[in-house]
Novice: 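Let me give you the structure first, and then I'll get to my questions.
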Amino acid sequence: MLTAICFDADDTLWHNERFFRMTQERFHDLLRDHADRNLLEARLLDAERRNIGRYGFGIKGFVLSMIETALEVTKNQVSGEVIAEILRTGQEMLAHPIELLPGAEETVRALAEGRTLLLVTKGDLLDQERKLAQSGLGEDFDGVEIVSDKSPRVYAGIFTGRGIASGEALMIGNSLKSDVNPVLEIGGWGVWVPHGETWALEAAREPIESPRYRRIEGLGELPDLVAEIERNI
Ligand SMILES: [Mg+2]
C-alpha cells in the first residue's frame with residue numbers, strides 16, 4: 001500500500017508557466033528597442049538563475065529579475081514608465097485566477113481514501129496559499145508543504161516528520177528535477193506528468209532505469225497507476 005501521495009502544484013494541478021510566458025511576451029514588447037528576443041530571454045534566464053538563491057522561486061523573484069534585466073540591457077537608462085509596467089504585470093500574475101488542469105479534482109478525491117495526501121510546492125508563500133484556497137482543493141489535502149527547494153533532504157524531512165516510510169510514498173509532478181528525481185533518490189516512487197510548458201531551469205534527464213519511476217500523460221491516469229503499484233509491492 002502506498003500510504004502517502006504527494007502532489008506538486010504548479011503545472012501539475014493547475015496552470016502556471018503559461019502566465020510566466022505571457023508576461024515574458026509583454027516584457028519583450030516593452031524592451032524591443034533595446035534587445036532582440038533571444039538576447040533578452042538569455043539575459044532574463046541568467047538573472048533568474050543568479051537570483052534563485054536570493055529571492056527563492058516565484059513571481060516576486062521573477063519581477064525583480066525582469067527589472068534587473070531591463071536595467072542591464074538599457075545600461076541603466078530604462079524609463080520609470082517601463083519599470084512601472086513591469087511591476088504591474090507582476091501584480092497581474094499574482095491576481096490571475098486558478099485554472100485547474102484536466103482531471104485534477106477527480107484524481108485528488110479518488111486517492112484520498114485511506115492515504116495521506118500532501119501538497120508539496122515551491123514558490124512565494126502568500127501566492128501559493130492564495131492559489132490553493134482558490135483551487136477548491138485545500139480541504140482534500142492532509143498537509144501542505146511550501147518549501148524553498150525540493151531536494152532529497154527536504155523530501156526526507158517531510159516524510160520523516162510525518163512518520164511516512166519513503167518506500168510507501170509517491171510524488172507526482174511536472175518537473176523531473178524537482179518532483180521526481182529527488183524522491184527516487186531517497187527510495188520513494190516518482191511519477192512524471194509532463195506539462196508542455198516547463199521552465200528551462202527545471203530540465204533534467206528522464207530516470208528511465210529506476211524501477212520506481214513511472215510516467216503518465218495526464219493526472220487522470222494516476223488512480224489506475226497507484227492501484228497497479230499497490231498490487232505489486
Ligand atoms: Mg510544477
Side-chain angles (χ1 to χ4, degrees), residues 6-24 26-28 30-31 35 38-76 78 82-83 86-87 89-94 96 118-132 143-161 171 173-186 188 190 192 195 197-207:
C6 311
F7 290 82
D8 167 54
D10 290 340
D11 293 320
T12 296
L13 295 176
W14 51 67
H15 284 292
N16 178 63
E17 181 66 18
R18 64 161 57 161
F19 300 108
F20 282 81
R21 303 263 168 117
M22 278 159 51
T23 303
Q24 241 169 286
R26 287 177 68 186
F27 182 59
H28 174 246
L30 288 170
L31 291 165
N38 290 341
L39 176 79
L40 194 68
E41 280 179 9
R43 289 287 169 83
L44 179 58
L45 194 62
D46 285 345
E48 291 180 88
R49 191 180 285 121
R50 275 198 308 274
N51 286 334
I52 282 175
R54 293 182 182 126
Y55 308 134
F57 295 86
I59 293 171
K60 282 187 292 185
F62 179 60
V63 169
L64 291 171
S65 294
M66 283 194 290
I67 292 174
E68 203 172 299
T69 305
L71 288 164
E72 196 180 309
V73 300
T74 63
K75 300 189 171 57
N76 294 342
V78 62
V82 168
I83 300 287
I86 292 171
L87 290 171
T89 60
Q91 285 161 9
E92 278 173 18
M93 287 176 82
L94 289 167
H96 74 75
L118 299 178
L119 188 78
V120 186
T121 175
K122 292 186 292 196
D124 296 321
L125 179 63
L126 207 58
D127 186 40
Q128 298 301 64
E129 285 176 342
R130 171 191 72 89
K131 289 191 286 190
L132 180 62
V144 178
E145 300 278 353
I146 302 173
V147 296
S148 59
D149 195 18
K150 286 175 163 176
S151 63
R153 196 179 53 81
V154 165
Y155 283 107
I158 292 171
F159 296 157
T160 308
M171 171 78 191
N174 71 301
S175 169
L176 288 168
K177 185 181 171 191
S178 295
D179 304 320
V180 176
N181 291 342
V183 175
L184 292 174
E185 203 175 302
I186 60 165
W192 186 35
H195 183 279
E197 296 161 317
T198 292
W199 191 29
L201 296 187
E202 293 291 345
R205 202 181 56 83
E206 205 178 344

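Just so it is clear, the structure is predicted and the values come from calculations on it, not from any experiment.
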Novice: Contact between F27 and L40 at the side-chain level, heavy atoms closer than 4.5 Å - yes or no?
Specialist: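 Side chain of F27 against side chain of L40, heavy atoms only: contact under 4.5 Å found.
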
Novice: According to ring-ring contact (aromatic ring centres under 6.0 Å, His included), who are the partners of Y55, at least two apart in sequence or on a separate chain?
Specialist: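 ring-ring contact (aromatic ring centres under 6.0 Å, His included) list for Y55, sorted by chain: empty.
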
Novice: Can you tell me how far apart CD (Q24) and CD (E17) are? Round to the nearest 0.5 Å.
Specialist: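 Q24 CD to E17 CD: 7.5 Å, rounded to 0.5 Å.
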
Novice: For the CG atom of D10 and the CG atom of N174, what is their distance to the nearest 0.5 Å?
Specialist: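 It comes to 8.0 Å.
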
Novice: Tell me whether D124 contacts the main-chain N or O of I59 through its side chain, where contact means a donor paired with an acceptor under 3.5 Å.
Specialist: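 Checked: pair present.
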
Novice: Between E68 and N51, what is the shortest heavy-atom contact and its length?
Specialist: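 Looking at all heavy atoms of both residues, the closest pair is OE1-ND2, 3.2 Å.
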
Novice: Could you check whether any side-chain heavy atom of T12 comes within less than 4.5 Å of a side-chain heavy atom of H195, counting everything from C-beta outward?
Specialist: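 Heavy-atom side-chain distance check fails, nothing below 4.5 Å.
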
Novice: Kindly give the heavy-atom pair with the smallest separation between P207 and L184, and that separation in Å.
Specialist: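 Nearest pair, atom of P207 first, then L184: CG-CD1, 3.5 Å.
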
Novice: Can you tell if the side chain of R26 reaches within under 4.5 Å of the side chain of E92, non-hydrogen atoms only?
Specialist: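 Result yes, sub-4.5 Å side-chain heavy-atom pair found.
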
Novice: For H28, enumerate each residue passing the ring-ring contact (aromatic ring centres under 6.0 Å, His included) test, keeping only those at least two apart in sequence or located in another chain.
Specialist: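 Partners of H28 under the ring-ring contact (aromatic ring centres under 6.0 Å, His included) test: none.
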
Novice: Give, for atom CD of E48 and atom CG of L201, the distance between the pair rounded to the nearest 0.5 Å.
Specialist: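 It is 6.0 Å, given to the nearest 0.5 Å.
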
Novice: Would a 4.5 Å heavy-atom cut-off, applied to side chains only, mark M66 and T69 as touching?
Specialist: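 With C-beta onward as the side chain, the pair stays apart.
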
Novice: Testing the basics here: between S151 and P182, what is the closest heavy-atom pair and its distance to 0.1 Å?
Specialist: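 Distance-wise, the nearest heavy atoms are C-CB, 3.9 Å.
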
Novice: Between M93 and V63, is a side-chain contact (heavy atoms from CB on, under 4.5 Å) present by the stated rule, with each step listed?
Specialist: CA-CA 10 Å; M93 287 176 82; V63 169; 5.6 Å; no

Novice: Does some side-chain heavy atom of W199 sit less than 4.5 Å from a side-chain heavy atom of D11?
Specialist: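 Side-chain contact under 4.5 Å: no.
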
Novice: A9 and L119: which non-hydrogen atoms are nearest, and at how many Å?
Specialist: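 Closest approach of A9 to L119, heavy atoms only: CB-CD1, 4.0 Å.
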
Novice: For a 4.5 angstrom cut-off between non-hydrogen side-chain atoms, does T23 reach F62?
Specialist: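 They are in side-chain contact.
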
Novice: Got a salt bridge between R130 and D127, using NZ or NE/NH1/NH2 to carboxylate O under 4.0 Å?
Specialist: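 Yes.
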
Novice: Do the side chains of F7 and D179 get nearer than 4.5 Å, heavy atoms only?
Specialist: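 No, every pair of side-chain atoms sits at 4.5 Å or beyond.
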
Novice: With rounding to the nearest 0.5 Å, note down the distance linking CD in E145 to OG1 in T121.
Specialist: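 Here the interatomic distance stands at 11.0 Å.
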
Novice: Has R153 got more than 12 heavy atoms of other residues, nucleotides or ligands less than 6.0 Å from its CZ?
Specialist: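 No, because the 6.0 Å sphere around CZ of R153 holds 12 heavy atoms or fewer from other groups.
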
Novice: Hey, could you give me the OG/CZ distance between S65 and R49, rounded to the nearest 0.5 Å?
Specialist: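 Here the interatomic distance stands at 11.5 Å.
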
Novice: Please find the pair of heavy atoms, one from S178 and one from E202, that lie closest to each other, and give the distance.
Specialist: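 Closest approach of S178 to E202, heavy atoms only: OG-OE1, 2.6 Å.
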
Novice: So which atom in A70 and which in I86 form the shortest heavy-atom distance, rounded to 0.1 Å?
Specialist: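 Where A70 meets I86 most closely, the heavy atoms are CB-CD1, 4.0 Å.
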
Novice: Verify side-chain contact (heavy atoms from CB on, under 4.5 Å) between W192 and N181, making sure each step is shown before the conclusion.
Specialist: CA-CA 9 Å; W192 186 35; N181 291 342; over 6 Å; no

Novice: What I'd like to find out is whether the side chain of L176 reaches to under 4.5 Å of the side chain of R205, using heavy atoms alone.
Specialist: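 No, their side chains stay 4.5 Å or more apart.
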
Novice: Please say whether more than 12 non-hydrogen atoms of neighbouring residues, nucleotides or ligands are located less than 6.0 Å from CG in L71.
Specialist: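 Result for CG/L71: enclosed.
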
Novice: Just how far is it from atom CD of Q128 to atom CD1 of I146, taken to the nearest 0.5 Å?
Specialist: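 Between atom CD of Q128 and atom CD1 of I146 there are 6.0 Å.
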
